[in-house]
Amino acid sequence: MHRFNRVTFSVCLPYIVFLSGCQDLTPKDRPSLLDPHMERSEVLGLVAGFGTTFAALPDLIAMLKRRSTAGMNPRMAGIMGLFQILWVYYGLLIASRPVIIWNVIAVLVNFVSVGAYFYFAHKEKAR
């Protein structure tokens, strides 16, 4: 019975907080201090997008340095690239510059990874 009370409380707590008038505690978007034409959420999106976009870059650089497909799986990069195309479309729908910019770059990085994989796989097979 004690577990049921904790679960019930944790499920009901957000509704209680929302209904009690705490919805005004959500942060409001303000103009950026760096560029007044951009919202702070856009600046945060650009910074966050930088990290997630270039997460696949170390694998690509390592593959290019060793000139080998060892340790590389092209399926992951291909699947990520396809879904990032959907993110680009979503960014266009919601008119979000950070979503569009970083996902276009990520699509290019992932497709270069897949292309490099097949290039090196072809060279390895020819040997």
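Everything numeric in this text was worked out from a predicted model, so none of it was measured.
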J.: Mark yes when over 12 heavy atoms from residues, nucleotides or ligands other than R66 sit less than 6.0 Å from its CZ; otherwise mark no.
T.: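 Yes, because the 6.0 Å sphere around CZ of R66 holds more than 12 heavy atoms from other groups.
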J.: Short question: side chain of Q84, backbone of V104 - any donor-acceptor pair under 3.5 Å?
T.: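 No, Q84 side chain to V104 backbone: no donor-acceptor pair under 3.5 Å.
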J.: For the residue pair V114 and P74, what are the closest heavy atoms and their distance?
T.: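 Here V114 and P74 meet closest at CG2-O, 3.6 Å.
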J.: Applying the 4.5 Å side-chain criterion to the ILVMFWY set and letting contacts propagate, would Y119 and V112 be lumped into a single cluster?
T.: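 Linked, Y119 and V112 end up in one cluster.
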J.: Does L57 reach the side chain of V109, with side-chain heavy atoms less than 4.5 Å apart?
T.: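 Yes - at least one pair of side-chain heavy atoms lies under 4.5 Å apart.
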J.: Do F118 and I61 share a hydrophobic cluster (ILVMFWY, side-chain heavy atoms under 4.5 Å, transitive)?
T.: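 Same hydrophobic cluster.
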J.: Any salt bridge (Lys or Arg N to Asp or Glu O under 4.0 Å) involving residues 77-90? Give me the pairs, sequence neighbours left out, ordered by first then second residue.
T.: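 Checked against salt bridge (Lys or Arg N to Asp or Glu O under 4.0 Å) - neighbours excluded - no pair reaches residues 77-90.
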J.: Which atoms form the tightest heavy-atom contact between A116 and M63, and what is the distance?
T.: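 Here A116 and M63 meet closest at CB-CE, 3.5 Å.
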J.: Could you grab the distance from atom CG of D59 to atom CE of M72, nearest 0.5 Å is fine?
T.: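 Atom-to-atom, D59:CG and M72:CE are 6.5 Å apart.
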J.: At their closest point, which heavy atom of F111 faces which heavy atom of G78, and how far apart are they?
T.: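 Heavy-atom minimum between the residues: CE2-O, 4.2 Å.
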J.: With heavy-atom distances below 4.5 Å as the criterion, would you say the side chains of L64 and F120 are in contact?
T.: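 Result yes, sub-4.5 Å side-chain heavy-atom pair found.
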J.: Show, in sequence, the C-alpha distance, side-chain angles and deciding distance for I105 and F54, and conclude whether the side chain to side chain contact (heavy atoms under 4.5 Å, CB included) test is met.
T.: CA-CA 9 Å; I105 295 170; F54 293 110; 3.9 Å; yes
J.: Table please: side-chain donor-acceptor pairs of residues 85-101 below 3.5 Å, with sequence neighbours left out.
T.:
from	atom 1	to	atom 2	distance (Å)
R97	NE	E42	OE2	2.9
R97	NH2	E42	OE1	3.0
R97	NH2	E42	OE2	3.2

J.: Please check this pair: side chain of S113 against backbone of L60, looking for a donor-acceptor N/O pair closer than 3.5 Å.
T.: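 No, because the side chain of S113 does not come within donor-acceptor range (under 3.5 Å) of the backbone of L60.
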